[in-house]
Amino acid sequence: QVQLVESGGGVVQPGRSLRLSCAASGFTFSSYSMHWVRQAPGKGLEWVAVIPYAGDNKYYTDSVKGRFSISRDNSKNTLFLQMNSLRTEDTAVYYCARDRGGMGAADYWGQGTLVTVSS
Amino acid sequence: QSALTQPASVSGSPGQSITISCTGTSSDVGRYSSVSWYQHHTGKAPKLMVYDDNKRPSGVPNRFSGSKSGNTASLTISGLQPEDEADYYCCSYTGSSPLYVFGTGTKVTVL
C-alpha cells in the first residue's frame, strides 16, 4: 500500500535552516510528481511546492521562493524540502503528498511533521 | 492569488444533505477542470474526496459528489454520517503563481 512518511521537523530559531524528508513506498516513486503542503496552527492548508517526477520545473508559493528548495532522490524513493532563512510564519505541520497526475490532485498524503520556528 | 472562499462552517443532522461552496475566479476555478476536495480530520492525513471537479477516487463513498458552475465549485454530502464531521478544503490549479491555491476551509458538524 502507498505510504508517505515525513521526518526532519523540530524546533529551530528564526534565520536557521531545516531539511524535511519524505520516504515513499508502495508505488513507483519515480513516476509521480510530489507536493509539499503545510498547515499553520489554527489555519488552513497552504500549498508550498511541487516537483515533477523527473525533478525539473519546480514551482513554489511566493512566500517561500528563494528560501525553500524542493528536491527528490528517485533512487532512494525520497522527497526533500530544504528550508533556509526560516521565519516564525513558517511554523506549521508540513505534509508531503503524491500527485495523482492530470490537473494535480493529491491522492495520498503523509501524516505530517511539525516545524516550529521560535527564538 | 488569494485563497478560494469557503463558508467557515456548515452543519446538518444525520441523513441530511449539505453543500459546501468554493468560490474562486475566472483565472482558477472557472478556467480549469481541476478542483479537488479534501477531508481532514485533526491530527490525520488529509484525504482526497473529489478531483477534476466531479470525479470520485475509488473507495470514496458515493454520497460525496462534486460539481461546478462558473467560478464556484461545490461539494455535496448526501446522507450525512457522524464520521463525516471534519474540515473540508477545496483546491484549484491556477496556471500561474502560486500554481495551486486552497480554499479557506469549512468545518462540517454533524448535529
Side-chain angles (χ1 to χ4, degrees), chain A residues 1-6 9 22-24 26-27 32-52 56-68 70 92-114, chain B residues 1-9 20 22 24 28-29 31-60 66 68 73 75 86-107:
Chain A
Q1 71 281 20
V2 173
Q3 266 201 313
L4 298 170
V5 180
E6 303 93 339
C22 170
F27 66 101
Y32 289 85
S33 297
M34 297 293 296
H35 299 266
W36 285 101
V37 176
R38 67 184 178 183
Q39 184 176 35
K43 304 292 186 181
L45 298 176
E46 180 187 24
W47 176 80
V48 175
V50 64
I51 183 169
D56 53 353
N57 292 332
K58 306 163 191 178
Y59 295 91
Y60 302 89
T61 193
D62 289 346
S63 62
V64 309
K65 280 180 184 174
R67 300 189 300 121
F68 289 14
I70 187 172
V93 174
Y94 285 74
Y95 298 96
C96 65
R98 188 183 83 167
D99 189 304
R100 66 172 304 281
M103 296 305 290
D107 59 354
Y108 287 94
W109 297 62
Q111 294 282 348
T113 186
L114 176 62
Chain B
Q1 191 91 26
S2 301
L4 308 177
T5 302
Q6 298 180 231
S9 62
I20 304 167
C22 168
D28 40 59
V29 172
R31 184 166 186 175
Y32 303 99
S33 296
S34 70
V35 174
S36 51
W37 288 90
Y38 301 90
Q39 178 190 68
H40 191 200
H41 288 103
T42 303
K44 292 197 165 184
K47 179 182 178 182
L48 178 66
M49 307 304 284
V50 167
Y51 66 95
D52 291 355
D53 291 352
N54 56 20
K55 297 180 174 61
R56 201 169 41 244
S58 61
V60 172
K68 191 174 76 176
L75 176 71
D87 295 323
Y88 290 81
Y89 295 90
C90 60
C91 183
S92 176
Y93 176 79
T94 73
S96 62
S97 185
L99 205 55
Y100 297 93
V101 61
F102 276 94
T104 49
T106 298
K107 182 175 183 58

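We use all heavy atoms of the structure for the numbers below, so side chains are in, but hydrogens, waters and symmetry mates are not. All chains are named by letter (A, B, ...) in the order of the sequence lines, taking the proteins before the strands, and each is independently numbered beginning at 1. The structure displayed is predicted, hence computed values, not measured ones.
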Practice item. State, yes or no, whether a side-chain contact exists between B:Tyr32 and A:Met103 at a heavy-atom distance under 4.5 Å. Key: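 A side-chain contact exists here, since the closest heavy-atom pair is under 4.5 Å.
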**Study point:** Non-hydrogen side-chain atoms of A:Met34 and A:Leu4 separated by less than 4.5 Å
**Key:**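 With C-beta onward as the side chain, the pair touches.
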Point to revise | Six-ring centre of B:Tyr51, A:Arg100 cation under 6.0 angstrom, axis tolerance 45° | key: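 Yes, A:Arg100 and B:Tyr51 form such a contact.
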Review point. Is it the case that A:Arg98 places NZ or CZ above or below the six-membered ring of A:Tyr32, under 6.0 angstrom from the centre and within 45 degrees of the axis?
Key: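 Cation-pi check for A:Arg98 and A:Tyr32: passes.
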Given heavy-atom pairs under 4.5 angstrom as the criterion, report whether the side chain, backbone, both or neither of [X] touches chain B.
{"X": "A:Tyr108", "result": "neither"}
{"X": "A:Val93", "result": "neither"}
{"X": "A:Lys43", "result": "backbone"}
{"X": "A:Val48", "result": "neither"}

**Study point:** Proximity of B:Tyr100 and A:His35 rings by center, below 6.0 Å
**Key:**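 Yes, they do, as the ring centres are separated by less than 6.0 Å.
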Exercise for review: Step through it carefully: locate the ring centre of B:Tyr38, locate the ring centre of A:Trp109, and say whether they are under 6.0 Å apart.
Suggested key: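 That pair passes the under 6.0 Å test.
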Sort [X] into side chain, backbone, both or neither according to what part of it lies under 4.5 angstrom from a heavy atom of chain A.
{"X": "B:Tyr89", "answer": "side chain"}
{"X": "B:Ser92", "answer": "neither"}
{"X": "B:Pro57", "answer": "neither"}
{"X": "B:Ser36", "answer": "side chain"}

Check your understanding: B:Gln6 side chain to B:Ile20 main-chain N or O, any donor-acceptor pair under 3.5 Å?
Key ->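 Here the side-chain-to-backbone pair does not exist.
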**Study point:** Top of B:Ser33, B:Pro46, B:Ala3 for chain A proximity - count of heavy-atom pairs under 4.5 angstrom
**Key:**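 Highest number of heavy-atom pairs under 4.5 Å: B:Pro46.
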